[in-house]
Every structure is written in structure tokens, then in C-alpha cells.
Amino acid sequence: MFIETISNRTGSTAHTRRVPKWYLTYILLALFNLLSLGASIYLGQALTDMFSRSIQVNSKWSELHGELGKLRGLAGAVNAPGNDVFDSQDVLKESARADAAVKTFQSHFSTVNARMNALAQGDDKALLSDGMNGIEFSLAEMMGEAAKIFNFFAAGQSDKAGERMATMDRKYAELNAAFANLENNIRAIQTRNFGDQEQESTALKTRGYFVAAA
């Protein structure tokens with residue numbers, strides 16, 4: 001037991017008083033309650049922060065999906081002049097359209113690639129980078145076929161230009177397949193991220209239950 005000494009006005013010891021055991025127990029319980037409250041607040045804040053991060057990250061991935069869809073549309077604009085030249089017969093016009101479309105595509109490609117590299121981590125970054133390289137390679141092959149078509153038209157060999165049409169269409173299909181592959185990989189990464197976030201949330205909630213039970 002604690003022993004408290006009380007002095008009288010003259011400085012001599014007047015008497016002693018013993019502090020009850022229940023008082024010490026009360027202090028310990030109060031400290032324990034404070035610790036439990038602090039732990040609850042910490043876990044609650046951790047859950048809030050986790051959900052906030054999850055919303056921000058998923059929002060960025062969704063924006064990336066949208067930007068990738070826009071890039072696919074720009075790839076279609078690159079492909080169009082190689083088809084339209086058969087109707088317009090204007091090689092200079094369609095070639096200029098193709099050049100302008102390629103520049104626009106490349107500009108947006110750089111933007112998407114930078115955002116993707118900033119968002120992805122570790123092996124995911126390498127996987128998505130390979131996907132972007134595949135798109136870039138397929139676009140270059142498709143444009144190579146378009147250039148042959150323009151050259152044949154310029155030389156007055158429209159029949160040979162027509163022979164290249166099927167090949168260019170196949171290259172465009174390969175380009176779309178490269179886009180689809182990259183989009184599937186992004187969805188797979190998002191699905192895994194959701195699973196990781198759910199596990200983290202469950203772990204934090206379980207700790208909260210233990211604290212509440214205590």
C-alpha cells in the first residue's frame with residue numbers, strides 16, 4: 001500500500017494515512033481505458049487513411065483506362081488515311097492526314113506512358129511497359145503498310161496498293177489486340193490491388209474487434 005505522510009504546521013509528522021487498494025486499481029483501469037481509446041482512434045484513422053488511398057489509386061487507374069481508350073481512338077485516326085486514299089485518290093492529302101495523326105498519337109502515347117510508369121510498381125511496371133512497346137511496334141508496322149499504299153498510288157499502281165490493303169488491315173487488327181492485351185493486364189492489376197486492400201481492411205477491422213473486446 002501507498003503510505004502518505006501528512007505534516008502539521010510545525011513540520012512534525014502528525015499521522016499517516018494508507019491509500020486504499022481500490023484507488024490503485026482505479027488508476028490502472030483508467031490508464032488501460034485511455035490506451036484502448038487511443039488504439040481505437042489509431043485503428044479508425046488507419047482505416048480511413050487506407051480507404052482514402054484506395055479511392056485515390058483506383059481513381060488514377062480508372063483515369064488511365066480512359067486515357068488508353070482515347071489512345072486507341074487516335075490509333076484509328078492513324079489507320080484511316082490508308083483506307084480513305086482508295087476513295088479520295090488524293091495521296092498528298094491523305095499522307096498529310098496520316099502524318100498529323102501520328103504526331104497526335106505519339107504525343108498522347110508519351111502522356112499515357114508517363115502516367116502508367118508513375119502509377120505502376122515493380123513487376124507491374126515492366127509488364128505494362130512491354131504492353132506499351134507492343135502497341136508502339138504494331139503501330140509502326142501498320143504505318144509501314146500505309147506508306148507502301150501511298151507510294152503505290154503516287155506511282156499510279158493502284159492495283160498493287162490494293163494488294164497491300166489486306167496486310168494493313170491485319171496490322172491494324174494486331175494493334176487492337178495489343179491494346180486489348182494491355183487493358184486486360186491493367187484490369188488484372190486492379191483486381192489484385194482490390195484483393196490486397198480488402199485483406200488490409202480485414203486485418204485492421206480484426207484488430208479493432210480485439211481492442212473493443214478488451
Side-chain angles (χ1 to χ4, degrees), residues 55-194:
I55 291 172
Q56 291 176 0
V57 170
N58 290 325
S59 176
K60 289 180 180 179
W61 280 111
S62 296
E63 290 175 0
L64 183 60
H65 266 298
E67 293 299 324
L68 197 58
K70 180 180 178 181
L71 189 65
R72 188 195 279 261
L74 293 175
V78 173
N79 178 69
N83 291 283
D84 295 343
V85 71
F86 287 92
D87 293 327
S88 69
Q89 302 288 310
D90 191 336
V91 176
L92 292 178
K93 172 186 173 183
E94 301 303 342
S95 181
R97 282 182 59 207
D99 290 342
V102 168
K103 290 179 181 179
T104 302
F105 177 92
Q106 290 174 336
S107 176
H108 193 63
F109 181 93
S110 297
T111 299
V112 172
N113 200 37
R115 290 184 180 180
M116 193 173 291
N117 285 329
L119 187 57
Q121 301 293 328
D123 293 339
D124 291 339
K125 181 175 292 189
L127 179 65
L128 298 184
S129 179
D130 287 343
M132 291 294 280
N133 289 339
I135 289 173
E136 194 172 32
F137 176 80
S138 296
L139 183 85
E141 287 207 321
M142 184 187 74
M143 284 308 301
E145 292 302 320
K148 292 177 183 177
I149 290 174
F150 293 144
N151 289 335
F152 281 131
F153 264 108
Q157 298 175 308
S158 58
D159 53 337
K160 290 187 176 181
E163 292 173 2
R164 305 307 308 177
M165 186 66 187
T167 304
M168 192 180 78
D169 287 343
R170 187 175 71 252
K171 297 299 181 182
Y172 184 49
E174 292 173 358
L175 176 59
N176 279 312
F179 271 105
N181 180 64
L182 180 57
E183 289 165 349
N184 287 336
N185 286 336
I186 289 176
R187 280 191 288 269
I189 292 171
Q190 281 189 285
T191 299
R192 189 180 69 248
N193 286 341
F194 276 126

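Values reported hereafter were calculated over all heavy atoms of this structure, with side chains retained and with hydrogens, waters and symmetry mates removed. Values in this document were obtained by computation on a predicted structure and should not be read as measured data.
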I want to check something: taking the side chain as every heavy atom from C-beta on, are [X] and [Y] in contact at a cut-off of under 4.5 Å?
| X | Y | result |
| --- | --- | --- |
| Ile135 | Phe109 | yes |
| Leu175 | Tyr172 | yes |
| Asn79 | Met168 | yes |
| Leu71 | Phe179 | yes |
| Lys171 | Met143 | no |

Would you tabulate the side-chain donor-acceptor contacts of residues 117-134 under 3.5 Å, counting partners in other chains and residues two or more places apart, or write 'none'?
from: Asn117; atom 1: ND2; to: Asn113; atom 2: O; distance (Å): 3.2
from: Asp124; atom 1: OD1; to: Arg192; atom 2: NH2; distance (Å): 3.0
from: Asp124; atom 1: OD2; to: Arg192; atom 2: NH2; distance (Å): 2.3
from: Lys125; atom 1: NZ; to: Asn117; atom 2: O; distance (Å): 3.1
from: Asn133; atom 1: ND2; to: Ser129; atom 2: O; distance (Å): 3.3

For residues 145-163, which side-chain donor-acceptor pairs fall under 3.5 Å, sequence neighbours excluded?
from: Glu145; atom 1: OE1; to: Arg164; atom 2: NE; distance (Å): 3.0
from: Glu145; atom 1: OE1; to: Arg164; atom 2: NH2; distance (Å): 2.8
from: Glu145; atom 1: OE2; to: Arg164; atom 2: NH2; distance (Å): 3.1
from: Asn151; atom 1: ND2; to: Ala147; atom 2: O; distance (Å): 3.2

How many angstroms lie between [atom1] in [X] and [atom2] in [Y], if you round to the nearest 0.5 Å?
| X | Y | atom1 | atom2 | value |
| --- | --- | --- | --- | --- |
| Leu68 | Glu63 | CG | CD | 13.5 Å |
| Ser110 | His108 | OG | NE2 | 10.5 Å |
| Arg72 | Asn176 | CZ | CG | 5.0 Å |

Should Glu183 and His65 be marked as a side chain to side chain donor-acceptor pair (under 3.5 Å) after you check the CA-CA gap, both sets of side-chain angles, and the distance that decides it?
-> CA-CA 7 Å; Glu183 289 165 349; His65 266 298; 5.8 Å; no
Exceeds 12 heavy-atom contacts within 6.0 angstrom, atom CZ of Phe137 =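 At most 12 heavy atoms, drawn from other residues, nucleotides or ligands, come within 6.0 Å of this atom.
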Could you go step by step and tell me if Met116 and Leu182 meet the side-chain contact (heavy atoms from CB on, under 4.5 Å) rule?
-> CA-CA 11 Å; Met116 193 173 291; Leu182 180 57; 4.0 Å; yes
Could you please spell out the steps behind the side-chain contact (heavy atoms from CB on, under 4.5 Å) verdict for Asp90 and Val85?
-> CA-CA 6 Å; Asp90 191 336; Val85 71; over 6 Å; no
Salt-bridge test for Arg97 and Glu94: reply yes if a basic N is under 4.0 Å from a carboxylate O, no otherwise.
->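 Counted as a salt bridge, because a side-chain N and a carboxylate O are separated by less than 4.0 Å.
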For the student: nearest non-hydrogen atoms of Pro81 and Ala77, plus distance =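 Of all heavy-atom pairs spanning Pro81 and Ala77, the closest is CD-O, 3.1 Å.
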